There are 2 protein chains.
Amino acid sequence: MPPRSESLTARQAEILDFIRQTVEAEGRPPTRLELCAAFGFRSPNAAESHLRALAAKGAILLEEGRARGIRLAEGPGLPLVGRVAAGSPILASEHVESRLQLDPTLFSPRADYLLRVRGMSMRDAGILDGDLIAVHRQSEVRNGQIVVARVHDDVTVKTFRRSGPVVELLPANPDFEPIVVDTRAEPLDIEGIMVGLIRQDGH
Amino acid sequence: MPPRSESLTARQAEILDFIRQTVEAEGRPPTRLELCAAFGFRSPNAAESHLRALAAKGAILLEEGRARGIRLAEGPGLPLVGRVAAGSPILASEHVESRLQLDPTLFSPRADYLLRVRGMSMRDAGILDGDLIAVHRQSEVRNGQIVVARVHDDVTVKTFRRSGPVVELLPANPDFEPIVVDTRAEPLDIEGIMVGLIRQDGH
DNA sequence: CGAGAGACTGTTTAAACTTACAGCACAACA
DNA sequence: TGTTGTGCTGTAAGTTTAAACAGTCTCTCG
């Protein structure tokens, strides 16, 4: 497995981000000189060595001797997460069913991944069984937002409501009961907020 | 308004298609020499003159003096249709609000365009006000499918049910009444079927 | 304190790339 | 019958890019 992007330095992450933006906006990666212009480098070698570092860490692929020979290692699509096993991080690669080619900035704030919804507990919010929820990773949420939460190693999608130390996770379907969590006694992890939805059939 | 892509020659359409595929697969446009290799040209000027022709017809934009300075004029995304004026075709360019960059094959059968839904008449089918419906153009439909129909110059999204010459367009919300159309007396155009849905916020 | 990693400056060279010029063959067309 | 548009070959600059080499400065870590 290639090294994770978490091991990138702050500067390297900036460079990688600029490359992503350029591909998005212009349909092609930047040259070394364009990187210099964007970051104020006076030497193309500053860009070159950053690219080498990113390639060594597996974030990009460099093609030798080609103009704009930078390829993003990670496909342009969003990871689609299916069932999440107990105790493991939601974006662990064994949970990623596939990648869907769509623009993360289709949603605002941007989507980090898609999560397949199981069951009808959010039916009245227009979220049906099998729908894909676009999720933005974020741990601080406001009341009324629809969140992806982990309670007792169970990942669930519900409306968030906090009253002091007690958090209620509300379904949008009278057939289901709210989940009540006392955060002084039980662990509650907020994985992110819902920023959109995709349904892949006509029902 | 730039000339339409319909005015491209067959060869020019092939070239344009190859450019699209290259951007898709490699994240950057091809060079003149790569076009030569792909089509068997022996002269880079063959590619050059095709590119000039495509640029003249508005299909691409050429940036002078830049390696891989080819930009696709039309984004690869799906057209998003907003409100549809009476009497004009649904994909008329004045209805296209924007283009969303997402893969048409995300849906099956493939989506031809996106239509913004107004109102809550399909609420219980999980289709809310402001949602974008992915539509596949198709005039023959089966009972139970959700269709985009045009009745009396009004474009609407409903569940389709036919009984002989009478078609019922059923809402999915008890607050709304079915639309009943006698096809012997009134015109009814089926614009397409719903093949998916996109919601761009977290509610 | 010394070593190494990260983040650069500055310079050079070869290869990749664009783009101009000068043609040829063929079909459509008026 | 000539003219125009399309689709090419072939060659040759001249510019853009990639990528090498040689350094500087500043952290952090053992």
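Nothing here was measured: the structure is a model prediction, and the numbers come from that model. Chain letters run A, B, ... following the sequence lines, proteins first, then strands; residues in each count from 1.
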Pick base, sugar-phosphate or nothing for B:Ala46, based on heavy-atom distances below 4.0 Å to the nucleic acid. base

Please give, in whole Å, the distance from C:dC17 C1' to B:Glu64 CD? 14 Å

A:Ser43 side chain, from C-beta outward: closest of C:dC17, D:dC8, C:dG10: C:dG10

Whole angstrom value for the distance that separates P of D:dT9 from CD of B:Glu48: 14 Å

Heavy atoms from C-beta onward define the side chain here; which of D:dT17, D:dT9, C:dG10 lies closest to that of A:Arg42? C:dG10

Distance, rounded to the nearest Å, where A:Glu63 contributes CD and C:dA16 contributes P: 13 Å

Measure the distance from CG on B:Leu62 to C1' on C:dA20 and round it to the nearest whole Å. 15 Å

Nearest-nucleotide comparison on DNA chain C, the residue closer to the 5′ end among B:Arg68 and A:Asn45: A:Asn45

Hey, is B:Arg66 close enough to A:Glu26 for a salt bridge, meaning N to O under 4.0 Å? no

Just how far, in rounded Å, is P of C:dA7 from CZ of A:Phe39? 11 Å

Salt bridge check, A:Asp131 against A:Arg199: does any charged N sit closer than 4.0 Å to a carboxylate O? yes

Proximity to the side chain of A:Pro44 - top-ranked nucleotide from D:dG7, D:dT17, C:dT11: C:dT11

Rounded to whole angstrom units, what separation is found between the CZ atom of A:Arg32 and the C1' atom of D:dT16? 13 Å

B:His50 side-chain N/O to D:dC8 phosphate OP1/OP2 under 4.0 Å: yes

With side chain to side chain contact (heavy atoms under 4.5 Å, CB included) as the criterion, how do A:Leu197 and B:Leu197 come out once you've worked through the C-alpha distance, each side chain's angles and the decisive distance to 0.1 Å? CA-CA 8 Å; A:Leu197 179 143; B:Leu197 179 143; 3.4 Å; yes

With a 4.0 Å cut-off on N to O distance, would you call B:Glu168 and B:Arg162 a salt bridge? no

Rounded to the nearest 0.5 Å, how far apart are CG of A:Asp182 and CG of A:Leu188? 10.5 Å

Between C:dC8 (C1') and A:Gln12 (CD): distance, integer Å: 13 Å

D:dG7, OP1 or OP2 - any side-chain N/O from B:Thr9 closer than 4.0 Å? yes

Nearest whole angstrom, please: distance from the P of C:dC21 to the CZ of B:Arg52. 10 Å

